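One structure is given here, and the rest of the page talks about it.
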Amino acid sequence: MPNLHNPLLVFTDLDGSLLDIHTLDWQPAAPWLMRLREAQVPVILCSSKTAAEMTQLQKTLGLEGLPLIAENGAVIQLDTRWEADPHYPRLITGASVEDILRILQKLREEGGYKFTCFAEVDDQAIADWTGVSRSQAGLAKLHIASETLIWRDDDAQMAAFSAALAQYGLRFMQGARFWHVLDQQAGKDKACRWLTEQYRQRERLDYTTLGLGDGPNDAPLLDCVDFAVVIKGLNRQGVTLRDDRPQRVWHTTQEGPNGWSEGLEHFLGPL
């Protein structure tokens, strides 16, 4: 079992996990964030959000300077102490957003698929969809190596679209509220493993990893950590893990940041 007295890394999803899916409130998780900070446990944000959005959230949550995993693993922002790393400040995996947008337009013209990309709408539209301010919505458009979209077609077309993307080395991934297109080489699991290895090499410590998430796109992350918290969410498909043993995985009864705190309390004990 993980504990606060041994080397520990916490990897967490945002929307529907650390943040309330409707209000984006994180205050129920504040006591645990403070406790982890006091114990010098890195809390690494891992989300489909852009690095620009997540850097701002780090400041709000008191996590400045720590690494983060953006765009479902396509972008890794390094710890600010790692300036000597050849990848600093960011490690980017696979196709650029410009290449992805060109492929999406090509497939739309050829297959008649119905979807709306974030890149195609103004900041106000994204603000309306997500409930954030216009300035925050602008940050949500600053993709580097993926694109977020709203799917507006049927399931049969979705299957054909996913197969067509695969021919270009891309994948179609469902998040808490939106769909995401990114390179097949990228993933939250690969980013998590890379960062964990960086910590182990740099600190020369044998870290235990704990992951928290609520959506299907969190499954790769939750499969690759030592211990996992599946936070109760709204997605009809739920989260299916390869190793769902109760010794390793806790399924919360609460949603969002309350579930996030419940999961930490299960593995780490009461505050």
Side-chain angles (χ1 to χ4, degrees), residues 10-21 23-26 29 33 42-83 85 87-102 104 116-150 170 173 175-183 185-188 190-192 194-195 198 213 215 217-218 221 257:
V10 173
F11 292 85
T12 180
D13 175 50
L14 287 171
D15 290 355
S17 298
L18 182 54
L19 306 180
D20 183 277
I21 191 67
T23 66
L24 304 181
D25 181 33
W26 57 276
L33 285 171
V43 177
I44 299 167
L45 305 182
C46 185
S47 172
S48 58
K49 292 182 182 293
T50 67
E53 290 178 277
M54 294 173 70
T55 300
Q56 185 179 79
L57 273 169
Q58 279 187 320
K59 295 176 182 177
T60 301
L61 299 169
L63 304 174
E64 302 99 319
L66 290 170
L68 60 81
I69 297 169
E71 301 186 37
N72 285 307
V75 178
I76 304 174
Q77 186 158 299
L78 277 58
D79 191 301
T80 54
R81 300 173 299 165
W82 302 351
E83 292 183 3
D85 191 287
H87 301 294
Y88 191 84
R90 291 172 183 160
L91 173 62
I92 299 170
T93 301
S96 69
V97 65
E98 292 81 12
D99 289 340
I100 291 171
L101 288 171
R102 280 194 289 271
L104 288 175
T116 303
C117 295
F118 271 30
E120 298 171 326
V121 300
D122 61 19
D123 295 353
Q124 185 59 53
I126 295 175
D128 293 340
W129 293 339
T130 60
V132 302
S133 67
R134 280 185 64 107
S135 61
Q136 290 173 312
L139 299 178
K141 294 179 67 174
L142 299 179
H143 291 94
I144 298 172
S146 72
E147 177 59 359
T148 299
L149 58 83
I150 294 180
L170 302 177
M173 178 179 294
R177 288 183 289 182
F178 303 106
W179 288 85
H180 310 279
V181 179
L182 63 156
D183 199 289
Q185 298 177 63
K188 288 186 175 184
K190 296 172 183 177
C192 172
W194 188 85
L195 278 174
Q198 291 297 308
N217 64 326
D218 296 316
L221 169 68

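Worth saying up front: this structure is predicted, and the values here are computed from it rather than measured. Hydrogens, waters and symmetry mates are skipped; everything else that's a heavy atom, side chains included, is used.
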For this session: For residues T93 and K190, determine if any side-chain heavy atom of one lies less than 4.5 Å from a side-chain heavy atom of the other.
Result: no
Exercise. Given the rule in the side chain to side chain contact (heavy atoms under 4.5 Å, CB included) test, do L57 and K49 qualify, once you have shown the distances and angles that lead to the verdict?
Worked result: CA-CA 10 Å; L57 273 169; K49 292 182 182 293; 4.0 Å; yes
Seminar exercise, completed: dist M54:CE -> L61:CG (nearest 0.5 Å) comes out at 10.0 Å
For this session: Return the minimal non-hydrogen interatomic distance between A140 and I126, and the atom names on each side.
Result: CB-CG2, 4.2 Å
Exercise. Given E71 and L182, is the side chain to side chain contact (heavy atoms under 4.5 Å, CB included) satisfied, shown in steps?
Worked result: CA-CA 8 Å; E71 301 186 37; L182 63 156; over 6 Å; no
Exercise. Side chains of D79 and Q198: does their closest heavy-atom pair fall under 4.5 Å?
Worked result: no
Seminar exercise, completed: One should read off an interatomic distance between S17 OG and D218 CG, to the nearest 0.5 angstrom, of 5.5 Å
For this session: Heavy atoms only: give me the nearest D85-H87 pair and the separation to one decimal.
Result: OD1-N, 2.7 Å
Problem set entry | For G65 against Q58, the heavy-atom pair lying closest together | N-OE1, 4.4 Å
Seminar exercise, completed: Note: A137 and A127 closest approach over all heavy atoms is CB-N, 3.7 Å
Exercise. Looking at CZ of F118 and CG of D123, how far apart are the two atoms once the value is rounded to the nearest 0.5 Å?
Worked result: 11.0 Å
Exercise. How far does CZ of R102 sit from CG of D99, to the nearest 0.5 angstrom?
Worked result: 4.5 Å
For this session: Provide the closest heavy-atom pair for V75 versus A51 in the form atom of the first, atom of the second, distance.
Result: CG1-CB, 4.4 Å
Exercise. Looking only at heavy atoms, what is the nearest atom pair of L139 and T50, with distance?
Worked result: O-OG1, 2.8 Å
Exercise. Going by heavy atoms in the side chains, are L104 and C117 under 4.5 Å from each other?
Worked result: yes
For this session: Give, for atom CG of L66 and atom CG of L45, the distance between the pair rounded to the nearest 0.5 Å.
Result: 8.0 Å
Exercise. Has the side chain of E147 got a donor or acceptor atom that lies under 3.5 Å from a matching backbone atom of A119?
Worked result: yes
Problem set entry | Stepwise side chain to side chain contact (heavy atoms under 4.5 Å, CB included) check, T116 with W129 | CA-CA 12 Å; T116 303; W129 293 339; 3.9 Å; yes
Exercise. Does the side chain of T80 come within less than 4.5 Å of E64's, by heavy atoms?
Worked result: no
Seminar exercise, completed: From the list I69, I44, L221, L18, side chain to side chain contact (heavy atoms under 4.5 Å, CB included) with T12 holds only for L18
For this session: Report yes if the side chains of V97 and I144 come closer than 4.5 Å at any heavy-atom pair, otherwise no.
Result: no
Problem set entry | Side chain proximity check, P89 to L78, heavy atoms < 4.5 angstrom | no
For this session: Report the C-alpha separation of K188 and C46 in whole Å, then their side-chain angles, then the decisive distance to 0.1 Å, and conclude whether the side chain to side chain contact (heavy atoms under 4.5 Å, CB included) test is met.
Result: CA-CA 7 Å; K188 288 186 175 184; C46 185; 3.5 Å; yes
Exercise. From D13 CG over to L19 CG, what is the distance, rounded to the nearest 0.5 angstrom?
Worked result: 8.5 Å
